[in-house]
K.L.:
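Here it is, the structure, as structure tokens.
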Amino acid sequence: MLLRCRWRSLIRATDSFSRGKREIMSAQADRYRPAEVEAKWQARWQQAGVFKVSEDPSRPKFYCLEMFPYPSGRIHMGHVRNYCIGDGLARFKRMQGYNVLHPMGWDAFGMPAENAAIANNTHPARWTYDNIEFMRKQLKRLGYSYDWDREFATCDPSYYRWEQLVFLKMWEKDLVYRKLSLVNWCEHCRTVLANEQVEQGLCWRCGEPVGQKRLWGYYFRITRYAEELLEWLDKLPGWPERVKTMQRNWIGKSHGAETHFPLEGREGVIKVFTTRADTLYGATFMSLAPEHPLALELAEGTEQEQAVKEFIDKVARQSYADRADERKKEGVFTGAWCRNPLTGRRMPIYVANFVLMDYGTGAVMAVPTHDQRDFEFAKEYGLPLVEVIVGPDGPIGVENMTQAFTDYGTLINSGPFDGMSSQEAMRAIAAELERRGLGRETVHYRLRDWGISRQRYWGAPIPMIHCEDCGLVPVPEEDLPVVLPLEAQLPPTGGSPLPDLEEWVRVDCPRCGRPARREVDTMDTFVESSWYFARYACPHYDQGPLDPGPTSYWMPVDQYIGGIEHAVLHLLYSRFYTKVLRDLGLIHCDEPFTNLLTQGMVIKDGAKMSKSKGNVVDPDEMVERYGADAVRTFMLFAAPPERDLDWTDQGAEGAYRFLQRLWRVSLAVAEHARGVEPYAGGEKLTGALADLHTKTHQTIKKVGEDISGRFQFNTAIAAVMELVNLISLVEQDAQARQHPAWAAVLREAVEAAVKLISPIAPHIADELWERLGHQGFLIDQPWPSYDEKALVKAEKVVVVQVGGKKRAQLLLPADADDEALRQAALADPGVQKFIAGKEIKKIIVVQGKLVNLVV
RNA sequence: GGCGAAGUGGCGGAACUGGCAGACGCGCCGGACUCAAAAUCCGGUUCCCUUCACGGGAGUGAGGGUUCGAAUCCCUCCUUCGCUACCA
């Protein structure tokens, strides 16, 4: 503020410096025209191949990756933001001396291609590759520093053939298996979904309700890695806590006891998992999920058989979402009984709607006194209650209970375990169960195996063959790839054409040679995206999935950037797949992404952009209007990366104005400082020039720290704006012009500003760099360094408070000691007004910043 | 219901480990340039009181606390937004 005042008076003193006519003419001729500048530099970058990289053991590597796009047709603002953040970082790191890998490609298999192909009477491949062509052009217009030589599309056989090979290796290691089971089925998409792909009972892609279906499918044994996936979350300090929490919850580890309840009148036991073994003496009945295999079996032949059948049918008819919404506890008695393994109590076995087959064992021991759901169920059906846990206030009495007592406490009515705490009892009871062979302490995970079969066409074929005699036979490695037949005609009704494509399906059994049939399911497209990042290290390698040399040089990804929506989908699958590749000896690292940045959405008028709301902003149009550099600058300036960003045209215009200002001021300085070297010490600087020199170095420091620390491009840009504003003032300051080092200090400042903005607005930066008399590209220039000595001003502003309230500010020499500060504060007339007649109890001095007089 | 994040001007957002709240930008207001407009440049812009001016008071969702000093730390509450949800 103080500085400002000084500037104002200076400017006034210069009696409005004005340019001559000639200068105005030339300024017009040299107007900032983003379209020209951007086309020029994009062509030069391409010609020089500046973004091509290869392994270089002499330099530290930095692998910067943004989530690759699905080629849906056009780039949207969300992509633009994602890639602006990544490109800003990649260019910054490159200038800092890292060997930066920054690739781009296409997540090219998927359902929209099939839908679009039907709608437009074309082929998914055609549609996909056309989209890729178009979107690549869009990306190139934005000037991202991708090594385009590494580009690939996952629908290319040269990519998915290696995925098929990995599948076969996984098959050998029993990391894939095929089973018949109840699966999530989306009727709209006509395919199966993995658990992760069902969100609140709805399909993650189309939003339609998901039903249940009994189907054969292939499964990846992700559960085998549950513990490792969980443990490694603690070893990923570069991941947002939010994402790690979501993955932890998804894996859902819980400690408890497996308990066996012997059936009455027949062989066998019902196994349950419980986290509350301490309440076992209170278990008075048993609840089975309607899908539990024993449910019908037990009812068979009893008078309950019909009722059980009807109930199971009723529940089966409910959709996934309806069932989750159903709050009322309902069930029927199966007519069968089991026994409590410790008390021997006869327990009726019910089928209950709230018991889920896909968690635990699908059976729950019911303790109505200490579990709210069991309590409600028991009240509904008049089942007995036994209180076995008491809190500090002692027993409640079952007749007084209006809800279950779910806290931990002390055991009663539990025989030898009476008086134990819940925690003690859980271990003791589990030990007792184990001794009797009726259970044990155990750990349970919520995570299910990853079902990867999709009943779709546009995906990687699963390399398996069904033979009537030999059963399921893997395709021999030498027969890979199993190429997806492109001659298929998509049935207009939806669904996959593969089962009807006889010439493709018919194959000789590799084992017995007799006629057999190919697997017609394709792989979940999340399989492709689970390893593409590693393939970028060696995209053209044709001897295997991954070339060991380059892969071990580049992997893992140092910085991964993308949306939060993949927190438990892509990001969990990729972690799993990386561990599988590691165990197959194909990769050396344990985790794919060392650091993860989850960027916020781009919104408009407070809402997510969508066609229905009519608030979609087209990147091409914005580039046309403001230029790629302005779009990039605004994208990074308007909000910190993790937060949602509100797109406004005025904001983009503001970014454009800033670049224009930078342009004008740089050309002016280029003129003044032609042949002048940047200031490098020497002449003593005074006043405005000293301030600009200091500001230059402070800005270099701040921009570097803001980008590398927290990806705070917004504050980094703000700092460069401040610097440019100051350059503009000094450039016009008549008094400063008199100083012999004027042009040199200006050059130093402008060159710093241009370099600092270059990762963000690379085209204009390169153009100005050239016009400042340099050759080459800024990306090949070292990141500027700052001079510690230049950061400190000769004088500092010291705030004086009285009783914590600001009363004055003093301009004092920077090297003034505490005592000098104290004296200056006490002597200030503005301060004395407030301390007159008061006793000063204490004086707080913060070195070089503040004096607080306590009265 | 559970877990998590966030509440700061008209708006987007700054404020590193407690030390000048509102950087930077948008918008708005005023001025310069112009026949005029656009563009550009300069100045102002948290609110309230007072003033020709100087000045003063309040203020970071609400209330309390710790401290010389709190947007920042602690407690209680409110609101919004995410994710998750009968998890045995």
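Quick note: numbers below take in every heavy atom, side chains included, and nothing from hydrogens, waters or symmetry partners. Proteins get letters first, then strands, A, B, ... in listed order; numbering begins at 1 in each.
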K.L.:
Please determine if a side-chain N or O atom of Arg446(A) lies less than 4.0 Å away from the OP1 or OP2 oxygen of rC86(B).
P.N.:
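For Arg446(A), the contact criterion (side-chain N or O under 4.0 Å from OP1 or OP2 of rC86(B)) is not met.
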K.L.:
What's the CE-P distance between Met365(A) and rC87(B), to the nearest Å?
P.N.:
15 Å
K.L.:
Can you tell which of rA88(B), rG69(B), rG13(B) lies closest to the side chain of Asn852(A)?
P.N.:
rG69(B)
K.L.:
With both distances under 3.5 angstrom, what nucleotide forms a Watson-Crick or G-U wobble pair with rA5(B)?
P.N.:
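For rA5(B), the partner nucleotide comes out as rU80(B), under the 3.5 Å rule.
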K.L.:
Check whether any side-chain N or O of Arg661(A) sits under 4.0 Å from OP1 or OP2 of rC41(B), and answer yes or no.
P.N.:
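Arg661(A) to rC41(B) OP1/OP2: side-chain N or O found under 4.0 Å.
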K.L.:
Any base atoms under 4.0 Å from Gln660(A), or only sugar-phosphate, or nothing? Heavy atoms, all strands.
P.N.:
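Sugar-phosphate, no base atom in range.
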K.L.:
So that I know where these two stand, are Tyr359(A) and His444(A) an aromatic pair - ring centroids less than 6.0 Å apart?
P.N.:
yes
K.L.:
Should the ring pair Tyr381(A) and Tyr350(A) be called parallel, tilted or perpendicular, given that the plane angle runs from 0 to 90° and is split at 30 and 60?
P.N.:
tilted
K.L.:
Rounded to the Å, how far apart are Ile429(A) CD1 and rA88(B) C1'?
P.N.:
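Spelled out: CD1 on Ile429(A) to C1' on rA88(B) is 16 Å.
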K.L.:
Quick check on RNA chain B: between Ala655(A) and Lys702(A), whose nearest nucleotide comes earlier from the 5' end?
P.N.:
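Nearer the 5' end of the strand: Lys702(A).
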K.L.:
To the nearest Å, how far apart are Asp371(A) CG and rC87(B) C1'?
P.N.:
11 Å
K.L.:
Both Ala718(A) and Gln801(A) contact RNA chain B. Taking the nearest nucleotide for each, which residue is further toward the 5' end?
P.N.:
Gln801(A)
K.L.:
Does a side-chain N or O from Arg807(A) land closer than 4.0 Å to OP1 or OP2 of rC20(B), or not?
P.N.:
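Checking Arg807(A) against rC20(B): no side-chain N or O falls below 4.0 Å of OP1 or OP2.
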K.L.:
Side-chain donor-acceptor pair under 3.5 Å between Asn725(A) and Arg661(A), yes or no?
P.N.:
yes
K.L.:
Side chain of Val799(A), heavy atoms from C-beta onward: which of rA88(B), rC24(B), rC20(B) has the nearest atom to it?
P.N.:
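The nucleotide sitting nearest to the side chain is rC20(B).
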K.L.:
Distance check: side-chain N/O of Arg664(A) vs OP1/OP2 of rC41(B), anything under 4.0 Å?
P.N.:
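Result: yes.
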K.L.:
So that I can tick it off, tell me whether Asp644(A) and Arg81(A) are bridged by a salt bridge, with the cut-off set at under 4.0 angstrom between side-chain N and carboxylate O.
P.N.:
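Asp644(A) and Arg81(A): not salt-bridged.
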K.L.:
Taking all non-hydrogen atoms of both residues, which atom of Met286(A) and which atom of Val364(A) are closest, and how far apart?
P.N.:
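Distance-wise, the nearest heavy atoms are SD-O, 3.4 Å.
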K.L.:
When you measure from the side chain of Thr715(A), which nucleotide among rA14(B), rC24(B), rC87(B) comes out closest?
P.N.:
rA14(B)
K.L.:
Look through every strand shown and name the nucleotide pairing with rA21(B) as Watson-Crick or G-U wobble, where both distances are under 3.5 Å.
P.N.:
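Because no pair has both required distances under 3.5 Å, rA21(B) counts as unpaired.
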K.L.:
Using both distances under 3.5 Å as the test, list the Watson-Crick or G-U wobble partner of rA37(B), or none.
P.N.:
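Check on rA37(B): unpaired, no WC or wobble geometry under 3.5 Å.
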K.L.:
Phosphate oxygens OP1/OP2 of rA14(B): is one of them under 4.0 Å from a side-chain N or O of Arg710(A)?
P.N.:
no
K.L.:
If you check the Asn249(A) side chain, which of rG69(B), rC3(B), rC86(B) turns out closest?
P.N.:
rC3(B)
K.L.:
What's the closest nucleotide to the side chain of Ser728(A) if the choices are rC42(B), rA14(B), rG19(B)?
P.N.:
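Of rC42(B), rA14(B), rG19(B), rC42(B) is nearest to the side chain of Ser728(A).
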K.L.:
Partner of rA85(B) by Watson-Crick or G-U wobble geometry, both contacts under 3.5 Å, or none?
P.N.:
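Partner of rA85(B): none.
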K.L.:
Using a cut-off of less than 4.0 Å, is there contact between a side-chain N or O of Asn725(A) and OP1 or OP2 of rC24(B)?
P.N.:
no
K.L.:
Please work out if Gly654(A) contacts a base, only the sugar-phosphate, or nothing of the nucleic acid, heavy-atom cut-off 4.0 Å.
P.N.:
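Since only primed, P, OP1 and OP2 atoms lie under 4.0 Å of Gly654(A), the category is sugar-phosphate.
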K.L.:
Would you indicate what Val355(A) reaches in the nucleic acid, counting non-hydrogen atoms under 4.0 angstrom: base, sugar-phosphate, or nothing?
P.N.:
base
K.L.:
Regarding Arg242(A), tell me which of base, sugar-phosphate or nothing describes its non-hydrogen contacts under 4.0 Å with the strands shown.
P.N.:
sugar-phosphate
K.L.:
For rG27(B), which nucleotide is its Watson-Crick or G-U wobble mate, given both distances must be under 3.5 Å?
P.N.:
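Base partner found: rU45(B).
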K.L.:
Does any nucleotide pair with rG63(B) by Watson-Crick or G-U wobble geometry, both distances under 3.5 Å, and what is it?
P.N.:
rC75(B)
K.L.:
For Thr648(A), answer base if it contacts any base atom (sugar-phosphate contacts may also be present), sugar-phosphate if it contacts only those atoms, and nothing otherwise; contact means non-hydrogen atoms under 4.0 Å.
P.N.:
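No contact.
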K.L.:
How far, in whole Å, is rA62(B) from rG12(B) if one measures between their C1' atoms?
P.N.:
25 Å
K.L.:
When the ring planes of Tyr32(A) and Tyr656(A) are compared, do they come out parallel, tilted or perpendicular, using 30° and 60° as the limits?
P.N.:
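Ring orientation, 0 to 90° scale: parallel.
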K.L.:
Between Glu376(A) and Lys379(A), does any NZ, NE, NH1 or NH2 come within less than 4.0 Å of an OD or OE carboxylate oxygen?
P.N.:
no
K.L.:
In whole Å, measure the gap between the C1' atoms of rG18(B) and rG65(B) for me.
P.N.:
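Pairwise C1' distance, rG18(B) against rG65(B), rounds to 15 Å.
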K.L.:
rC20(B), rC86(B), rA14(B): which one has an atom nearest the side-chain heavy atoms of Asn353(A)?
P.N.:
rC86(B)
K.L.:
Tyr359(A) side chain: which of rC87(B), rC20(B), rG13(B) is closest?
P.N.:
rC87(B)
K.L.:
Just checking Asp644(A): base, sugar-phosphate only, or nothing, at a heavy-atom cut-off of under 4.0 Å?
P.N.:
sugar-phosphate
K.L.:
Using the glycosidic torsion, which applies to rG9(B): syn (within 90° of 0) or anti (everything else)?
P.N.:
syn
K.L.:
Taking only side-chain nitrogens and oxygens of Arg657(A), does any of them come within less than 4.0 Å of OP1 or OP2 of rG27(B)?
P.N.:
yes
K.L.:
Can you tell me, in whole Å, how much space there is between the C1' of rU60(B) and that of rU72(B)?
P.N.:
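After rounding to an integer number of Å, I get 10 Å for this pair.
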K.L.:
Checking the side chain of Gln247(A) only, and the main-chain atoms of Ala567(A) only, is there a donor and an acceptor separated by less than 3.5 Å?
P.N.:
yes
K.L.:
Looking across every strand, which nucleic acid part, if any, lies under 4.0 Å from Asn714(A) by heavy atom: base, sugar-phosphate, or nothing?
P.N.:
sugar-phosphate
K.L.:
For Leu853(A), answer base if it contacts any base atom (sugar-phosphate contacts may also be present), sugar-phosphate if it contacts only those atoms, and nothing otherwise; contact means non-hydrogen atoms under 4.0 Å.
P.N.:
nothing
K.L.:
CD of Gln650(A) versus C1' of rC11(B): gap in Å, rounded?
P.N.:
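Whole-Å distance recorded here is 10 Å.
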